[in-house]
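See structure below.
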Amino acid sequence: MQGLNDRQEEACSYVEGPLLILAGAGSGKTRVITHRIAYLIEECNVNPFNILAITFTNKAAKEMRERVDNLIGFGAESVWVSTFHSMCVRILRRFYDRLGGNNNFSIYDTDEQKTVMKEVLRLLNLDPKQYPEKKILSIISKAKEEYISPDDMERQSFGNFGDIKIAQCYREYQKRLKANNALDFDDLIFKTIQLFERHPDVLEMYQERFKYIMVDEYQDTNHTQFILVKQLSAKYRNLCVVGDDDQSIYKFRGADISNILDFESVFPDAKVVRLEQNYRSTSNILNAANAVIANNKGRKKKTLWTDKGDGEKIHFTKYENEFIEAQRVTEKILEINEKGVPLSDIAVLYRTNMQSRVLEEKLILTSTPYKIYGGQNFYGRKEIRDIVSYLKAIDNPADGSSFKRIINVPRRGIGDTTVNRIWDYAAENDMSVYDAMLMADKLPDIKRAAGKIGEFVKLMEGLRELSREGDITALYDEIMDKTGYKVELEAEGTDEAKARLENLEELRNKIIQYERDAEEPSLTELLEDIALVADVDNEDGLEDGALGGNGFVTLMTLHSAKGLEFPYLFIVGMEERLFPSGLSMDSGDPDDLEEERRLCYVGITRAMKELYLSAAASRMVSGSRIYPSESRFIEEIPDELIDMKEEFPGMRRNAFDNGAFGGRGSSGGYGSASYGGGSGNYGSSYGGSSYGSGSYGSGSYGSSSGGRGASYGGSDRGGSGAGSSYGSTTGSRSRSTTGRSAFASYGGTNPYKKEAPSGSGAFTVDYAVGDTVKHIKFGKGKVTELIKTGNEYEVTVDFDRVGEKKMFASLARLKKL
DNA sequence: GAACCCATCATTTTT
DNA sequence: TGATGGGTTC
């Protein structure tokens, strides 16, 4: 086992019996797992067929698959590398009938769950205001994660009225799912456990198959996943779990940290190996992370170390507000980039998605290519969901949720009333909605719409007929064609419609690709892939810079950064009540705060070379301006590791030229003076010498404080300088990433927004002089002037209400009328 | 069935 | 502030 340190080697060669590998951040965890698999096969003569490696995300599974294949070569393909969920689907597709189900079940996502829950609420005559489906679903999900059945729940309610109602919803929901021949995500695990419990022969078959089991990211497992692992490993007891309790950050979605903390009491003969040597960060960064996490009580003690040098100190700067914070972070990024660091080596992390917005604005302004991770994914888009629903309805005629989605899309004159009548009838008679539709003309009160239903059924029958031929691409084309979906979008002709058509074309490509790559393509399996693989787009993004390009800056939440690393890292918004979040502080459960601290630990340990932390002295939150103090996590970093600064408007130049002023804890004097009574009217206190006057003027951020007139009048330091130097390089790259995903973000509000294609500095407008446009704040107006300046447009609009305004097109977000 | 208006509500997210 | 969803109106 070349290239492994002693601890890593120990972890790899301990193969019999339970083993807990406590793998600190950056300690070469994946390496250990893959090498351990290799060791099992090559040194212990274990048949690869008998090895199971479970991960959490598809991405991780894919990565591990590749690494195992590379390391082992022949025979590697028989190792099962899988996520919990896809493993369970595979098992249930074979044996769900043993539980009285249909092996051809559909998998429901949150949207479809909501549809079902809405029906349940209607059926039980519950007020959706009192029982919001989202809340009920989350309670049910929690129950399922704890392996609690509807009966258990009712028993545990001890007569509490509300609880009983929820238990009833739970029972009815399961009933409706069953009628739809569908399972939700939690069911996948739940039903597998149930299958194993009720059918020991099936369990034993899998126990024989999986003699050696490895679970990655064990700190993220929930209770049912724990049960499942325990069941599978009960016979041979060769269970190796790998994780880091300090990186447990998913309690809110059911992760149970006690799984890892109590591993040794559940398996008293377990061996524990700690991987504490970090290969990622400088020792300053590491020591800061160690110091922060040391404040947590419930943890397995671990101290990361490295033989790398100290490196630079961690930088912390407190800025006046979130705009300046974003501004300065952007400038700093460009500064680092100019030294030859590709943008892909730089990331900005934040606690909440909302914080990305202001950063985005500054990055657009400076034409800095960026990419936001998180938010809406490809399969979440309306048009994709629509067509996928057609496919699902064809594949599984019992799938009521999918039918509900498409029955009137495109419009075919089947209204809610008709739909409700059919659905009610189906529920009352315990039949599928499709069967109810088949006899629509016999249903009471449906006479008028019966003909339309008949046509729809005929359409679906035709498509199902075609689907039997097995050519999914042809089926897709027929759906687009025969339903009129394509024609409708084409007729619309808007940019949005065009973008939707492009997305659908992308879906078609994915289908073609699937049919080409799959061993035995089937509609069922395709839909399964779609259900279980949330986002296919994110894959290539991060490595762009590694290919020699400049790449783009990565923006993401601290959560999504887990498992990644960046040479230059910014964490913004280090403020009390933002990070740690206010909710975690108020919850009363001290572990919530500890989880925030773990999140901070995860954040810090993402940094390899340099770490820039920042906070804003004032920030807009939920519509009002607040004045947070800096995060306790900053205080927890030892003085000698961190370089503390404050930059405030009046002293701005000093702050900038002289570097630090005021040591820690000196925040009192500065800034507070300039905030007057805290009325949010900070605008007047700066805009002084060093900054172009209109930089933060009214129009752009909508702060109604008049006075400045045209927004962004002056030239912005970072803006003009960087704009020209980055414009050309970025323009050419935008397309090269992944085509469609060249758009700046999947998240945000409008995935089709024309502005700000990441990577391409080229911003385009769809209006011209003379057009009537609408501004979100100023209302309607006429474009009187449109000047292209570099990558931007300066647009002048004569508004009906407020007169003439000059603004940057990328920020004004004008809509052509 | 679409266009508006008002109220409400605002962590983190994968499968 | 702003997005979103429900309800109302034409």
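Order of the sequence lines sets the chain letters (A, B, ...), proteins ahead of strands, with each chain counted from 1.
Rounding to whole angstrom units, OH of residue A/Y379 and C1' of B/dT14 are separated by 16 Å. The interatomic distance linking A/I91 (CD1) with B/dT15 (P) rounds to 18 Å, in whole Å. Following rounding to the nearest Å, A/K59 (NZ) and B/dT15 (P) show an atom-to-atom distance of 10 Å. Straight-line distance from the CD atom of A/E112 to the P atom of B/dT15: 16 Å, rounded to whole Å. If you take CG of A/D111 and P of B/dT14, they are 15 Å apart, rounded to a whole angstrom. Atoms CZ (A/R619) and P (C/dT1) sit 17 Å apart, rounded to a whole Å. Atom NZ of A/K144 and atom C1' of B/dT15 are 13 Å apart (whole Å). Atom C1' of nucleotide B/dT15 and atom CD1 of A/I530 are separated by 15 Å, given to the nearest angstrom.
Of all non-hydrogen atoms in A/T483 and A/P410, the two that sit nearest each other are O-CG, 3.3 Å. Between A/Y379 and A/K510, the closest heavy-atom pair is OH-CD, 3.1 Å. When all heavy atoms of A/Y601 and A/A289 are compared, the pair lying nearest together is CD1-O, 3.5 Å.
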Pair pattern of DNA chain C in dot-bracket, where unpaired bases get dots and | marks partners in another strand, Watson-Crick or G-U under 3.5 angstrom: ||||||||||
Determine all donor-acceptor pairs shorter than 3.5 Å in which one atom belongs to a side chain in residues 183-193 of chain A; sequence neighbours excluded.
| residue | atom | partner | partner atom | Å |
| --- | --- | --- | --- | --- |
| A/D184 | OD1 | A/K144 | NZ | 3.2 |
| A/D184 | OD1 | A/D186 | N | 3.1 |
| A/D184 | OD1 | A/D187 | N | 2.8 |
| A/D184 | OD2 | A/Q113 | NE2 | 3.2 |
| A/D184 | OD2 | A/K144 | NZ | 2.6 |
| A/D184 | OD2 | A/Y173 | OH | 2.9 |
| A/D186 | OD2 | A/S141 | OG | 2.8 |
| A/D187 | OD1 | A/K144 | NZ | 2.9 |
| A/D187 | OD2 | A/K144 | NZ | 3.4 |
| A/D187 | OD2 | A/D184 | N | 3.2 |
| A/T192 | OG1 | A/L188 | O | 2.5 |

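Look at the C1' atom in both C/dG2 and B/dT13: the space between them is 22 Å, to the nearest Å.
Closest to the side chain of A/T57, out of B/dT15, C/dG7, C/dT1, is B/dT15. In the set C/dA3, C/dT1, B/dA2, C/dT1 carries the atom at the smallest distance from any side-chain atom of A/M620.
Salt bridge annotation for A/E146-A/K142: absent, with no cationic side-chain nitrogen under 4.0 angstrom from a carboxylate oxygen.
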Using a cut-off of under 3.5 Å, enumerate the N/O to N/O pairs linking the protein to nucleotides 7-13 of chain B.
| residue | atom | partner | partner atom | Å |
| --- | --- | --- | --- | --- |
| B/dT12 | OP1 | A/N353 | N | 3.0 |
| B/dT12 | OP1 | A/N353 | ND2 | 3.3 |
| B/dT12 | O4' | A/R351 | NH2 | 3.0 |
| B/dT12 | O2 | A/R351 | NH2 | 2.6 |
| B/dT12 | O2 | A/H559 | NE2 | 3.4 |
| B/dT13 | OP1 | A/T557 | OG1 | 2.7 |
| B/dT13 | OP1 | A/S560 | OG | 3.4 |
| B/dT13 | OP2 | A/N353 | ND2 | 3.2 |

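Evaluation of the side-chain hydrogen bond (donor to acceptor under 3.5 Å, both in side chains) rule for A/E576 yields A/R632 as partners, not counting sequence neighbours. Every residue two or more places apart in sequence or in another chain that forms a ring-ring contact (aromatic ring centres under 6.0 Å, His included) with A/F56 is listed here: A/F84.
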Test A/E383 against A/Y485 for side-chain contact (heavy atoms from CB on, under 4.5 Å), laying out the working first. CA-CA 9 Å; A/E383 63 277 14; A/Y485 204 96; 3.7 Å; yes
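Look at A/N222 and you won't find any side-chain N or O under 4.0 angstrom from OP1 or OP2 of B/dT14.
When the nearest nucleotides of DNA chain B are assigned to A/S86 and A/D416 by heavy-atom distance, the more 5′-ward of the two goes with A/D416.
As judged by a 4.0 angstrom heavy-atom cut-off over every strand, A/N408 is placed among residues touching the sugar-phosphate backbone only.
Sorted by first and then second residue, the ring-ring contact (aromatic ring centres under 6.0 Å, His included) pairs involving residues 401-422 of chain A (not counting sequence neighbours) are A/F403-A/Y434.
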